[in-house]
Number of protein chains: 2
Amino acid sequence: MSILSAALFFTRAHLVAALLTGCTPLPILEVSLNRLRTVLPQETNLTTIYDVAKAAGVTAATVSYVLSGRGSISQATREKVLKCAHELGYRPNLLARSLTKQQTRTIGLVIPHIINPFYAGIAETVERNAYTRGFRTVITNTYEDERLGQELLEDLAARRVDGIIALPGGLSLAAIQSMLKSGLPVICCLWEEEGQNIPSGVGLDFKRGGQLVARHLLELGHRRLSIIVDTRPDGSLDHHLRFSGFTETLQDAGCPLEPQFIAHGDSSLESGEAAAHQLLTQPERPTALFATNDLMAMGAISAAWKLGLHVPHDLSVVGFDNIALSPFMAPPLTTVNVDRDRLVTLALNLLLGRIEGKQLETPPLLLPEMVIRSSTAAPAPERGPASP
Amino acid sequence: MSILSAALFFTRAHLVAALLTGCTPLPILEVSLNRLRTVLPQETNLTTIYDVAKAAGVTAATVSYVLSGRGSISQATREKVLKCAHELGYRPNLLARSLTKQQTRTIGLVIPHIINPFYAGIAETVERNAYTRGFRTVITNTYEDERLGQELLEDLAARRVDGIIALPGGLSLAAIQSMLKSGLPVICCLWEEEGQNIPSGVGLDFKRGGQLVARHLLELGHRRLSIIVDTRPDGSLDHHLRFSGFTETLQDAGCPLEPQFIAHGDSSLESGEAAAHQLLTQPERPTALFATNDLMAMGAISAAWKLGLHVPHDLSVVGFDNIALSPFMAPPLTTVNVDRDRLVTLALNLLLGRIEGKQLETPPLLLPEMVIRSSTAAPAPERGPASP
DNA sequence: CTGAAAGCGCTAACAA
DNA sequence: TTGTTAGCGCTTTCAG
């Protein structure tokens, strides 16, 4: 087959189309469009730029130009096009646009669970921040399931998001690495290095957070401390750090954490309540309790309430995250603040930079800070059987 | 210009391309692909089906067939294609797929504010439910801003979501109608009819909810009732119904709501606390308080706590929504349950039905139900200055 | 069972 | 200032 015959082949269909419709050659493209569209269940009669172009008596390119504000278009045609577009209820097709432009101006945010106000807060901050920088964000929940997480990551990539912000919990490092390898920028936030090679991102000094809590409680005079910690396999590792910062500080203070005062949860309210109940119904109760997130702390306060214990008089409670609810608990929760605005700003800088090809430096770990409210106080004076 | 010259025009570039690359005519499509791709900032080297096809020694169509599982492909080529796809790290481009298939298998969910656990719960339910039915969902927050809401709706349409579930708050009826007009299915959930012509959806009998609360409090013996209600212009109207159900019932019981016992909030914790503070620092305090959502109720409990008032002894508090947190407040909140699972299931049935072209009937209003927990009790016996 | 080709809606380089 | 054309990556007839 010669090159010439190939050219003929390629052309034939067009010729036929032109002949069949008896049109002048110019609108060849036009007549062949919107033809043979497979009959859709839902009658979607979306207008295209071709429709607008036809109505305005110009070409699709012209319409594209006026719509994008690029190129130089006479005032007259601009107005006419705009008018037609409006009248036809034209709405651009972002799929097509993104396909040609090779970018979606969309980022993906992967979090464990939107029901946790900590993540909801992050999501809001990311969404708003990204929006002002011209990006839409699609929020994605792993529900702490690595299989799902992997799938969702693939899906985001398949949707060609321009970049991803990934929080730990339901996301394997391998999955992320795979994205990175295919050239998709991923920024890891609050991820925990454990000797592993975490891709660039912005982290927080969780260990220090645990230390702060221990110190605060110790300073108040507590000696019988307890902890509720989230240590699930698929979960994020940072809870381990909150834990070790806490225990090591106690250890150093000569007041090691007793094994029966360690309980486990899954970061949920329910688990916090259950764990606290278990902790508080032991023969000798702890006088203070550190839950490695605010939701579990809230559960703990609830457990105390149900046992008729007064917080902070009978039990001091400390959380971690400083979610929006914390100041409104009864009592307001003492907790560890994570500067979400800063976190998100840094992460977005990193991500948008990477999207533009810049290879920015990973910023230093953020420092958590104690927020002392009313759920902690000095322990009540000992009035056990031994005291007078 | 004749038809013939047009044909020549159309062909020339192809000829040139073929000549330049010196290829046999068949792979014209192939050689011209992935050429001249504008240099992108981020080096995205995504593989396409053409790459896979080339590697496997077949055509793109064949690759498409094996990947989609459609058509009949010999076991041999299937395996070879699959292998190549895997080795090349092929990831489908959903933009392109959606563009040709004229559907995205994605629905949009528009809510006011994800930080409100009520909406977070809805979002989770929708996401999971849709997922099992083969749809991804993109969550969108209006932040109660109608301008933003309108824009986001447009954006969802532009992304060609297959359908939208819209909750009130930051969404104008006009905006929705406009979507509907262009053929995009929209299901309105928890929307409030006010004589207006609400598009199909699933609603809840909010008024009845307000009545239930009033009855409950009345039955407990309360006579000095108060309310915190969200009545913002851009907000949803259902709070008005909760309000009128409440007041009318009180009225009927011969115990009308006093004007100074009506306070306003914006559905947030902060506003609930502030409004409650105002209510509770009046010379004569109410003995019960109904907040038209749980978040404001939580704020109210917080306000009471800060004023040294005991809930429910000094003040009964009732919320609305029954968010996941409610059972874990201190005390556990008495509230009105909205059956989210049912709500979402119905909405999704409606929406997916509409997407498939079926015109299903609007289901009857859901009925709210009282959930009595520990934040309500009989009022403490009167011990004001007048009593002995 | 596989290949060729058209088309989805839009953009952008180039030509006119 | 506007038009022509190729191409983004994929699906889907229609041929063979």
Side-chain angles (χ1 to χ4, degrees), chain A residues 1 6 9-14 16-17 25-30 32-38 46-53 56-68 70-78 81 90-103 158 160, chain B residues 1 6 9-14 16-17 25-30 32-38 46-53 56-68 70-78 81 90-103 158 160:
Chain A
M1 212 192 255
F9 264 40
F10 196 80
T11 315
R12 201 162 57 190
H14 283 276
V16 171
L26 283 176
I28 278 184
L29 198 53
E30 200 150 307
S32 58
L33 282 169
N34 286 333
R35 288 253 163 278
L36 296 175
R37 176 180 282 177
T38 52
L46 281 328
T47 344
T48 73
I49 44 171
Y50 287 96
D51 301 326
V52 177
V58 294
T59 10
T62 305
V63 175
S64 175
Y65 284 135
V66 354
L67 257 28
S68 69
R70 244 184 294 279
S72 41
I73 302 289
S74 77
Q75 189 58 23
T77 48
R78 148 165 293 118
V81 166
Y90 171 76
R91 253 185 274 272
N93 184 329
L94 251 36
L95 299 172
R97 200 205 307 271
S98 299
L99 188 59
T100 70
K101 299 198 58 162
Q102 295 281 56
Q103 54 153 259
R160 296 298 188 264
Chain B
M1 212 192 257
F9 263 43
F10 197 83
T11 315
R12 200 159 57 186
H14 283 277
V16 171
L26 283 176
I28 277 186
L29 198 53
E30 200 148 309
S32 59
L33 282 170
N34 285 333
R35 286 255 163 275
L36 296 176
R37 175 179 282 177
T38 51
L46 281 327
T47 347
T48 73
I49 45 171
Y50 286 97
D51 302 325
V52 177
V58 295
T59 7
T62 307
V63 176
S64 174
Y65 284 135
V66 352
L67 257 28
S68 69
R70 242 182 296 278
S72 40
I73 301 289
S74 77
Q75 189 59 24
T77 48
R78 148 166 292 118
V81 165
Y90 171 76
R91 253 185 272 272
N93 184 329
L94 251 38
L95 298 172
R97 198 203 311 270
S98 299
L99 188 59
T100 69
K101 299 196 62 162
Q102 295 282 51
Q103 55 151 257
R160 296 298 189 263

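By convention in this document, chain letters (A, B, ...) are assigned in the order of the sequence lines, proteins followed by strands, and residues within each chain are numbered from 1. As the structure is a computational prediction, the values presented were derived from the model and not from experiment.
For the pair L95(B) CG and dT11(C) P, the interatomic distance rounds to 13 Å; values are reported in whole Å. Atom NZ in K101(A) sits about 7 Å away from atom P in dT11(C), given to the nearest Å. Distance, L99(B) CG to dC8(D) P: 14 Å, rounded to whole Å. Taking atom CZ of R78(A) as the reference point, atom C1' of dT1(D) lies 11 Å away to the nearest angstrom. Rounded to whole Å, the distance from CG on N93(A) to P on dC8(D) is 18 Å. Atom CZ in R97(B) sits roughly 16 Å away from atom C1' in dC8(D) (whole-Å rounding). What separates CG of L94(A) from C1' of dC8(C) is a distance of 15 Å, to the nearest Å. Per the geometry, CD1 belonging to I49(B) stands 14 Å off C1' belonging to dT2(C), to the nearest Å.
One N or O donor and one acceptor, one from the side chain of Y65(A) and one from the base of dA13(C), sit under 3.5 Å apart.
Distance CG/N93(A) to OG1/T47(A): 11.0 Å, rounded to 0.5 Å. Atom OG1 of T48(A) and atom CZ of R91(A) lie 14.0 Å apart (nearest 0.5 Å).
A close approach under 4.0 Å does not occur between any side-chain nitrogen or oxygen of S64(B) and OP1 or OP2 of dC10(D). Contact annotation: T59(A) reaches the phosphate of dG3(D) (side-chain N/O to OP1 or OP2, under 4.0 Å). For the pair Y50(B) and dT11(D), the criterion of a side-chain N or O lying under 4.0 Å from OP1 or OP2 is not met. For the OP1/OP2 pair of dT11(C) and a distance below 4.0 Å, the side-chain nitrogens and oxygens of Q102(A) include no atom meeting the criterion. Dashed line: the shortest gap from a side-chain N or O of R70(B) to OP1 or OP2 of dT12(D) is under 4.0 Å.
If you check every strand for non-hydrogen atoms under 4.0 Å, T77(B) touches sugar and phosphate atoms only. In this structure, I73(B) reaches the sugar-phosphate backbone alone: every heavy-atom distance under 4.0 Å involves primed, P, OP1 or OP2 atoms, never a base. Residue S68(A) is classed as having no contact, given no heavy-atom separation below 4.0 Å to the nucleic acid. Residue contacts for S74(B): at a heavy-atom cut-off of 4.0 Å it reaches the sugar-phosphate backbone alone, with no base atom in range. Counting non-hydrogen atoms under 4.0 angstrom, S72(B) reaches a base of the nucleic acid.
Checking each of V52(A), V66(A), V81(A) against V58(A) for a side-chain contact (heavy atoms from CB on, under 4.5 Å) leaves exactly one that passes, namely V81(A).
The shortest side-chain heavy-atom distance between Y90(A) and V63(A) does not fall under the 4.5 Å cut-off. At least one side-chain heavy atom of T62(B) sits under 4.5 Å from a side-chain heavy atom of I73(B).
Here dG3(D) is the nucleotide among dC8(C), dA12(C), dG3(D) with the atom lying nearest to any side-chain atom of V58(A). The nucleotide whose nearest atom lies closest to any side-chain atom of T62(B) is, among dT11(D), dT2(C), dG3(D), dT2(C).
Taking the side-chain contact (heavy atoms from CB on, under 4.5 Å) definition, one finds that R97(A) meets it with P92(A), L94(A), K101(A), sequence neighbours left out.
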